[in-house]
*Asks:* 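Shown below is the structure under consideration.
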Amino acid sequence: MSGFWLFFLLSFLGLWLLGMAYIAWCFATRRGAIPAGPLPSPLPRVSILIAARDEAATLPRCLASLRALSYPTDLLEILVGDDASTDSTAAVAQAAMRGFSGSFRIIPIADTLGAAQGKANVLAHLARHATTDFFFITDADISLPTTWITALLAHAAPGVGTVTGVTAVHGPRLFHRLQGIDWLLSLSMVQTVSDLGRPVTAMGNNMLVTRTAYEATGGYEALPFSVTEDFTLFRAVLARGYGFRQIFSPEARADSLPILTWPALMKQRRRWLRGVESLPLRLRLELLFFSGFWPALFGLAWVAGPSEALGMWGVKVLVQGALAYFAHRRAGLRLPWQLLPAFELYTVAMTISLIGFRVFGGAVVWKGRRYN
């Protein structure tokens with residue numbers, strides 16, 4: 001029996017390493033990537049939608065980056081939805097945008113539209129107030145590059161409903177920097193699958209959706225409620241026959257503040273897992289396969305001993321490190337190689353924690369609200 005398990009575990013880990021190597025090769029060579037097209041002429045007016053709930057500490061950074069955009073100010077419409085904040089979110093936003101020559105409004109969110117809740121409800125309200133044909137959606141804890149609008153707009157070809165940029169995480173502490181590696185590794189895998197023509201998801205903190213595509217879905221108020229509202233909208237737009245684009249470049253890179261504590265990070269990942277459950281079966285099986293490395297490695301250590309397991313682990317660090325290197329370089333960043341050993345421990349803890357969530361379940365708590 002031990003011979004069977006040894007063969008099975010070695011086969012699984014070998015396929016895992018080959019799969020990761022293939023992803024790294026596809027990503028490095030940009031296989032299937034669609035180049036940017038020309039910008040519309042004349043440049044269109046665009047709407048920037050931000051849902052904010054108790055974001056007084058983070059919103060000024062986001063708004064400062066929007067004021068620095070290299071896009072004509074008179075073509076910008078910035079809408080902030082104040083979602084029943086208990087702090088000074090509205091006052092801080094007003095102060096941050098004082099003197100802005102473009103269009104800026106704070107929309108108090110006091111009621112619910114249709115089936116929408118939480119962030120989806122805020123965005124549903126903001127979309128009704130928007131007066132342009134392009135909705136750029138981001139979050140209050142995000143800082144955008146000056147090229148953000150033009151980078152996404154250059155991919156909004158006829159028939160394309162959503163355009164998604166890449167998001168990086170920055171922070172001074174080790175925990176923050178490990179999150180940064182985690183994000184870019186995960187998004188490089190999403191990018192590879194998307195470039196091969198298989199849609200996965202969109203990023204609700206760095207996303208363009210056209211008005212025609214959004215309205216074709218009926219808007220957030222007509223969509224089934226989900227704590228992963230960006231994924232729900234993305235799938236609904238695809239179902240209406242629209243195309244999609246994923247962009248992995250410094251010009252389209254949003255920089256996010258990190259999650260500060262492990263419990264808060266687990267709450268975020270619990271919310272994301274709800275979206276994973278809605279993915280097509282093939283993608284869910286592939287994600288399950290790639291999440292099985294650590295259980296298989298521990299099994300190999302039990303069956304064959306630590307030396308074989310350490311060898312497999314070493315190859316994994318090299319292959320995954322290559323993908324992380326290309327992901328950072330393509331995003332305009334430098335990979336902190338010295339953190340890769342610590343990142344391995346981080347992924348072990350993440351795997352164990354997420355397995356615990358799947359076993360014991362529990363409600364999603366986000367922005368002080370509980371979603372069952």
Side-chain angles (χ1 to χ4, degrees), residues 23 26-27 30-37 40 46-47 49 51 113-121 123-124 126-128 130 132-139 151-167 186-249 252 254 271-288:
I23 289 173
C26 288
F27 184 82
R30 304 193 181 194
R31 185 181 179 192
I34 299 174
V46 301
S47 300
L49 314 183
L113 294 176
Q117 300 179 49
K119 181 181 176 182
N121 182 54
L123 293 176
L126 295 182
R128 290 193 175 190
T132 80
D133 292 329
F134 296 94
F135 301 162
F136 286 74
I137 302 174
T138 190
D139 285 346
L152 268 60
L153 200 57
H155 286 267
V160 173
T162 61
V163 183
T164 304
V166 64
T167 300
S186 299
L187 292 180
S188 65
M189 297 176 73
V190 170
Q191 183 72 37
T192 300
V193 175
S194 297
D195 285 346
L196 295 176
R198 295 167 55 199
V200 180
T201 189
M203 296 291 295
N205 58 21
N206 187 358
M207 178 182 179
L208 159 64
V209 58
T210 65
R211 174 184 287 276
T212 54
Y214 178 83
E215 291 182 346
T217 70
Y220 275 119
E221 58 267 45
L223 297 175
F225 171 71
S226 170
V227 290
T228 51
E229 82 296 324
D230 45 4
F231 173 76
T232 300
L233 179 62
F234 176 69
R235 302 301 299 185
V237 168
L238 290 177
R240 274 37 174 212
Y242 289 90
F244 71 100
R245 296 286 188 273
Q246 300 275 351
I247 313 171
F248 208 108
S249 71
R271 185 170 65 94
W272 290 358
L273 277 178
R274 295 295 177 87
V276 169
E277 292 170 355
S278 301
L279 285 171
L281 178 60
R282 180 179 174 181
L283 280 174
R284 278 183 285 153
L285 291 175
E286 290 174 355
L287 286 173
L288 181 63

*Asks:* So how far is it from Asn205 CG to Thr167 OG1, rounded to the nearest 0.5 Å?
*Replies:* 3.5 Å

*Asks:* As an exercise, state the distance from OG1 of Thr138 to CE of Met207, rounded to the nearest 0.5 Å.
*Replies:* 12.0 Å

*Asks:* Does Asp230 come within less than 4.0 Å of Lys119, counting only side-chain N to carboxylate O?
*Replies:* no

*Asks:* Kindly give the heavy-atom pair with the smallest separation between Ala120 and Glu229, and that separation in Å.
*Replies:* CB-CB, 3.8 Å

*Asks:* In Å, rounded to the nearest 0.5 Å, how long is the span from CZ of Arg30 to CD of Gln191?
*Replies:* 9.0 Å

*Asks:* Search all heavy atoms of Tyr214 against all heavy atoms of Ala124 and return the closest pair with its distance.
*Replies:* OH-CA, 3.6 Å

*Asks:* Do you know which of Thr164, Thr192, Val193 makes side-chain contact (heavy atoms from CB on, under 4.5 Å) with Val200?
*Replies:* Val193

*Asks:* Decide yes or no on side-chain contact (heavy atoms from CB on, under 4.5 Å) for Phe136 and Leu153, but give the supporting numbers first.
*Replies:* CA-CA 9 Å; Phe136 286 74; Leu153 200 57; 4.3 Å; yes

*Asks:* Flag the pair Thr162 / Tyr242 as yes when at least one side-chain heavy-atom distance between them is below 4.5 Å, and no otherwise.
*Replies:* no

*Asks:* Provide the closest heavy-atom pair for Val160 versus Thr210 in the form atom of the first, atom of the second, distance.
*Replies:* O-CG2, 3.7 Å

*Asks:* Could you give the distance from CZ (Arg235) to CG (Leu233), rounded to the nearest 0.5 Å?
*Replies:* 12.0 Å

*Asks:* Looking at every heavy atom in both Ser47 and Ala130, which two are closest together, and how far apart are they?
*Replies:* OG-CB, 3.6 Å

*Asks:* Rounded to the nearest 0.5 Å, how far does NE2 of His155 lie from CZ of Phe244?
*Replies:* 13.0 Å

*Asks:* I want to check something: taking the side chain as every heavy atom from C-beta on, are Asp195 and Arg31 in contact at a cut-off of under 4.5 Å?
*Replies:* no

*Asks:* Determine whether Val237 and Thr217 make a side-chain contact, defined as any pair of heavy atoms from C-beta on separated by less than 4.5 Å.
*Replies:* yes

*Asks:* Which residue is it: Asn206, Leu152, Val166, Leu208? I am looking for the one with a side-chain contact (heavy atoms from CB on, under 4.5 Å) to Ile247.
*Replies:* Leu152

*Asks:* Which atom names give the shortest non-hydrogen contact between Leu113 and Asn121, and what distance separates them?
*Replies:* N-OD1, 2.9 Å

*Asks:* Could you report the tightest heavy-atom contact between Ala156 and Phe134, atom names first, then the distance?
*Replies:* CB-CE2, 4.2 Å

*Asks:* Can you measure from OH (Tyr220) to CZ (Arg128) and round to the nearest 0.5 angstrom?
*Replies:* 14.5 Å

